[in-house]
Amino acid sequence: MARRSDRWSAGFRCTECGWRTVKWVGRCGECQAWGSVAEQGAPTATRTAVSRASDPARPIAEVDMSHAVAYPTGVGEFDRVLGGGLVPGGVVLVAGEPGVGKSTLLLDVAARTARTGQTVLYVSGEESAAQVRGRAERIGALADRLLLASETDLGTLVGQVDHARPALLVVDSVQAVASADVDGQAGGVSQVREVAGTLIQLAKSRGIAVLLVGHVTKDGSVAGPRVLEHLVDAVVQFEGDRHSRLRLVRAVKNRFGATDEVGCFELRDSGIASLPDPSGLFLSQAGDAVPGTCVTVAMEGRRPIVTEVQALVTGSTLPSPRRTTSGLDSSRLAMILAVLEKRSGLAAGTRDVFAATVGGMRTTEPAADLAVLLALASSAMDQPLARDAVALGEVGLAGEIRRVPALGPRLGEAARLGFRYALVPQGQLDVAPPAELSPVEVADVREAVEAMGRLCGPRATTAVSSATA
């Protein structure tokens, strides 16, 4: 038994999540990471010596909060996600795909912070100082107190911090920096853990706000050991399609604020700009009503954003008709098509179906189901829907229209942008809607299609009645 116990204590351990096993395996049984299980030496039994605390515990109401107050960076949407701004001693990990705009945003944040009179050190490990300087000139991010260095050695980076004594440190990226005291190449598990641990300790001991740029894997998660996400104070995800100018910044973890806030940015030739009111990006500019379009209000965090859904239902020459989506969940589209055909009688099983959102917006919440269904019905009947109406509701398999969360903010945003009607689930109007908006309650799919037809006039109502007869 003693021998088996020794094997277990030595054993193998996952470098990502800490899962242990008595023998080597290629894939972690806990986090499912490949190649992360390594042999672990037997721990040495030690006893912790008792010592007097230099700062004894005190009542929580007497703890000084002055050193944990966030200061704004000057980029409103970024401050919104962080919970007010940067906190001295706080470490924020900014992750995102290559080319999405992480370096551009953080260079803008660094320049705006430097213009407030604070010293900022921007360390680039992937680009030369001349390249970063060129980008800064292009986006107007030149500032006297913004210091720039190109370093890949951790010891030299710490020396730069000792010399500059900045209030804000930006490291681009944490995977490009390596320590000479740790084996392995830059970006490896051991190197990333050592670099992040040193920078976090530096931030806490000296009260420096630190922004770390992190790479992402193919599945969109932060590259490197999972312990990196646990060590930092906030993890911010930078999202966006490289073919779209829209960029969304959302907090995955935040010790200083909420994680349900989303910042909206627009990527331009002159840099990246905040979008306090992004709803106009997701509406088409067509003057006349076109068949196959319907508007809904999606919730991104706490922010309602008006989004237009477009659908095209056309004849197919293939034995298996195509189902193509962009910005929508393909599995929910298939379910909505089945419900539409079963509950309203509109045949779409033998036709090609294409569905997308406008402006690169990605909408996967169930509240957009009703808008997708009405856009499909409009295209199948070749009848345009009302341009001044929005549709909100989740579609069930029985054809019923279910309640959606945050109905009040959604209706308020629709009324603010000039919409006059809103199709909503029956029985959900607990509070009075805006005076400018007339809600139309619908209980099932058939009622929803007929109600939208009535809003479009007599011709559309006749087409709907004949199609669903």
Side-chain angles (χ1 to χ4, degrees), residues 241 243-246 278-298 305-316 321-330 332-333 336-337 340-341 344-348 350-363 367-393 395 410 413-423 437-438 440 442 445-446 448-468:
D241 186 357
H243 302 294
S244 171
R245 58 180 179 170
L246 174 70
S279 291
L281 289 176
F282 313 117
L283 296 175
S284 63
Q285 304 301 321
D288 299 330
V290 179
T293 64
C294 187
V295 178
T296 187
V297 184
I305 299 179
V306 175
T307 306
E308 183 172 326
V309 179
Q310 296 184 342
L312 177 63
V313 181
T314 183
S316 177
R322 286 175 287 188
R323 302 286 185 265
T324 305
T325 61
S326 177
L328 296 169
D329 188 3
S330 58
R332 294 203 71 85
L333 175 66
I336 293 171
L337 277 172
L340 181 64
E341 184 168 358
S344 67
L346 287 173
T350 59
R351 305 185 189 182
D352 289 336
V353 177
F354 306 88
T357 54
V358 173
M361 180 70 176
R362 178 164 179 80
T363 302
D369 287 354
L370 185 56
V372 176
L373 183 141
L374 292 174
L376 292 170
S378 171
S379 179
M381 296 182 298
D382 199 25
Q383 292 294 332
L385 303 179
R387 295 283 297 174
D388 55 356
V390 298
L392 301 167
V395 176
R410 296 177 198 262
E413 180 68 7
R416 186 182 70 85
L417 293 179
F419 290 89
R420 297 173 53 198
Y421 304 99
L423 270 67
L437 197 67
S438 300
V440 180
V442 291
V445 170
R446 191 183 186 92
V449 176
E450 293 177 353
M452 188 61 85
R454 289 194 299 271
L455 295 177
C456 297
R459 178 184 174 187
T461 303
T462 304
V464 170
S465 300
S466 60
T468 58

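These values consider heavy atoms only, across backbone and side chains, with no hydrogens, waters or symmetry-generated copies.
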Student: What pair of heavy atoms forms the shortest contact from Leu437 to Ala415, and how long is it?
Tutor: CB-CB, 4.3 Å
Student: In Å, rounded to the nearest 0.5 Å, how long is the span from CG of Leu328 to CE of Met361?
Tutor: 10.5 Å
Student: Give a yes or no on whether the backbone of Gly292 and the side-chain of Ser378 come within a donor-acceptor separation of less than 3.5 Å.
Tutor: yes
Student: Of all the heavy-atom pairs spanning Ala311 and Leu376, show the shortest one and how long it is.
Tutor: CB-CD2, 3.7 Å
Student: Any idea which heavy atoms bring Val309 and Ala371 closest together, and the distance?
Tutor: CG2-CB, 4.4 Å
Student: Which atom pair, heavy atoms only, marks the closest approach of Val295 to Phe419?
Tutor: CG1-CZ, 3.8 Å
Student: To the nearest 0.5 angstrom, please state how far the CG atom of Leu370 sits from the CE atom of Met452.
Tutor: 7.0 Å
Student: Out of curiosity, Leu337 CG to Leu373 CG, how far, rounded to the nearest 0.5 Å?
Tutor: 8.5 Å
Student: Name the one of Val353, Thr357, Leu333 that satisfies side chain to side chain contact (heavy atoms under 4.5 Å, CB included) with Thr325?
Tutor: Leu333
Student: Contact between Thr296 and Leu392 at the side-chain level, heavy atoms closer than 4.5 Å - yes or no?
Tutor: yes
Student: Which atoms form the tightest heavy-atom contact between Val313 and Ser379, and what is the distance?
Tutor: N-OG, 2.8 Å
Student: Looking at side-chain heavy atoms only, is the closest gap between Glu413 and Leu417 below 4.5 Å?
Tutor: yes
Student: Distance check, rounded to the nearest 0.5 Å: Met381 atom CE versus Leu346 atom CG?
Tutor: 5.5 Å
Student: Measure the CZ-CG distance between Arg351 and Leu312 for me, rounded to the nearest 0.5 Å.
Tutor: 10.5 Å
Student: Looking at CZ of Arg332 and OG1 of Thr363, how far apart are the two atoms once the value is rounded to the nearest 0.5 Å?
Tutor: 12.0 Å
Student: How close do Pro321 and Ser316 get, heavy atom to heavy atom, and via which atoms?
Tutor: CA-OG, 3.8 Å
Student: Going through the checks in order, is the side-chain contact (heavy atoms from CB on, under 4.5 Å) test met by Arg322 and Phe354?
Tutor: CA-CA 8 Å; Arg322 286 175 287 188; Phe354 306 88; 4.3 Å; yes
Student: Determine whether a donor-acceptor pair (N or O, by modelled atom type, separation under 3.5 Å) exists between the side chain of Arg410 and the backbone of Val297.
Tutor: yes
Student: Would a 4.5 Å heavy-atom cut-off, applied to side chains only, mark Leu423 and Leu374 as touching?
Tutor: yes
Student: Is there a donor-acceptor pair under 3.5 Å between the side chain of Thr314 and the backbone N or O of Asp352?
Tutor: no
